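Nothing here was measured: the structure is a model prediction, and the numbers come from that model. Naming convention: chains lettered A, B, ... in sequence-line order (proteins, then strands); numbering from 1 in each chain.
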There are 2 protein chains.
Amino acid sequence: MEKRRADIIAEQLEERIFDGTFADGDRLDEARLAEQFGVSRTPLREALQRLARSGLVELIQRRGAFVRQPGPVELLEMFEVMAELEAVCGRLAAKRISDTALVHLDEANQKCQAAVEARDPDAYYSENERFHKIIYKESGNSFLETETVLLHRRLQPFRRQQLRLRGRMVQSMSEHTSILEALERGDAEAAASALRGHVAIQGEKFHSLMSTLKSAAE
Amino acid sequence: MEKRRADIIAEQLEERIFDGTFADGDRLDEARLAEQFGVSRTPLREALQRLARSGLVELIQRRGAFVRQPGPVELLEMFEVMAELEAVCGRLAAKRISDTALVHLDEANQKCQAAVEARDPDAYYSENERFHKIIYKESGNSFLETETVLLHRRLQPFRRQQLRLRGRMVQSMSEHTSILEALERGDAEAAASALRGHVAIQGEKFHSLMSTLKSAAE
DNA sequence: GTCAATATTTTTGTATACAAGAATGATGGT
DNA sequence: ACCATCATTCTTGTATACAAAAATATTGAC
């Protein structure tokens, strides 16, 4: 299953945007990049269109592709939507979740607990992701699931660093527990609001993180 | 502001998929279509990729582009998500909506009423759309707004016919009124659940429409 | 006649070539 | 010196050409 060059290039460009090689507003020169990747402009253009879809790049007619990092306002908006989507997943999952999924959820949660005790943010991060993805799936709505996963991925680079904040992992854990309990009780509204709060707080943390960075830079 | 050919072609292909010229599963031959549109394969391929992004077409490696109409199950899922997104817009808008927007909403609603009395589904449809789009915007979250508009558009062809169902316009009107009242009171939860119900019922109507079509075909 | 292996034809993916619009620099007038 | 207009250059958008993979047809063995 040989991958298309366009896909490989899209991934690599995505990485370079996230790691800061390309900053916000930079123009992505087709010819330059094509040479750099050792391909022609054709697959490179396809890659750019793909990035435009995920919102990382803005394609302007007859002018080219520009890196488009979401600003603080848009990020807050995205976090808000993420919180609401997770809340919806939770509300639906509370009514539809299977017993085995509840077991898996409990397992993921326990591994989270272990990661907290080991003070291992990376382990926590991956188990946390598993926890949330189970809930997306158990919403019983695969369209919702894919849309939620998509936004989750888009926010990933902005959320990861937050776990390093003092006390965040412990707090996150306790939120997980109340989410799990609500799902076990089948309490749709409780699950929804617990998840909403759990994610919304990330947006707020992000916000304060941003402003500290801002003021530190002055 | 000369449009790109790829965009024009994408629109036209989209139309042909909706109007049934291309059925589910059909392979879209690049060469044939390119000749038909009088362009080369390059812009046509770009158009196909665009359609793939909106989910109308599935691109399979080294095999081509295939029309991919959502089946009944996926449609129900999409309507469910639409209902939840509108509910979220409503919940946020209840807290954030401006007075002038409330006036505009009321105006749109009155025009809806007039359309009901004139038994004019087309007029109702367009005013109804205005009504909903005001709410999306007044959520105060432009990311949410664009995402919601996007899904709205994707469901448009499946929703339009429903207004012809007996009594649907009248019922829809009364739902509008309770939505408007909830927003005027600033009652977030009432607005959310009113909108959720208002949209969810479209999914259900669609479902029954589908099953009657199914049984009629047997 | 059926199946398998190979040859041929299509068709996709990529490279290159060309056309048209935008950005940039030069020229000339005031 | 400054601004407007025009020419040049650069870049995007499109067409054509080529390569590689898949689909199809053909041939031959059993």
Rounded to the nearest Å, what distance is computed from the [atom1] atom of residue [X] to the [atom2] atom of nucleotide [N]?
X: A/Phe66; N: C/dA22; atom1: CZ; atom2: C1'; result: 11 Å
X: A/Glu30; N: D/dG13; atom1: CD; atom2: C1'; result: 9 Å
X: B/Asp29; N: C/dT9; atom1: CG; atom2: P; result: 18 Å
X: A/Ile60; N: C/dG21; atom1: CD1; atom2: C1'; result: 15 Å
X: B/Arg62; N: D/dA20; atom1: CZ; atom2: P; result: 9 Å

Exercise for the section: Please state whether the rings of A/His152 and A/Tyr136 are parallel, tilted or perpendicular, taking 30° and 60° as the class boundaries. Expected result: perpendicular

Handout entry: Aromatic plane relationship, A/Phe18 with A/Phe158 - under 30° parallel, 30 to 60° tilted, over 60° perpendicular
Key = perpendicular

Completion exercise
Residues pairing under ring pair (Phe, Tyr, Trp, His ring centres under 6.0 Å) where one sits in residues 51-70 of chain A, two or more places apart or in two chains, turn out to be none

Practice task
Taking only Lys NZ, Arg NE, NH1 and NH2, and the carboxylate oxygens of Asp or Glu, determine whether A/Arg27 and A/Glu58 approach each other closer than 4.0 Å.
Solution key: no

Exercise for the section: Look at A/Arg27 and D/dT12 and indicate whether a side-chain polar atom (N or O) is within less than 4.0 Å of OP1 or OP2. Expected result: yes

Problem - Nucleotide nearest B/Arg63 (side chain, heavy atoms from C-beta), chosen from D/dT14, D/dA21, D/dA23 - result: D/dA23

Completion exercise
The correct set of residues in residues 31-55 of chain B placing a heavy atom under 4.0 Å from DNA chain C is B/Arg41, B/Arg45

Practice task
Please list, chain by chain and in numerical order, all residues satisfying salt bridge (Lys or Arg N to Asp or Glu O under 4.0 Å) with A/Glu77, sequence neighbours excluded.
Solution key: none

Exercise for the section: Go through the steps for B/Arg5 and B/Asp7 under the test salt bridge (Lys or Arg N to Asp or Glu O under 4.0 Å), then give the verdict. Expected result: CA-CA 5 Å; B/Arg5 295 198 215 285; B/Asp7 292 333; over 6 Å; no

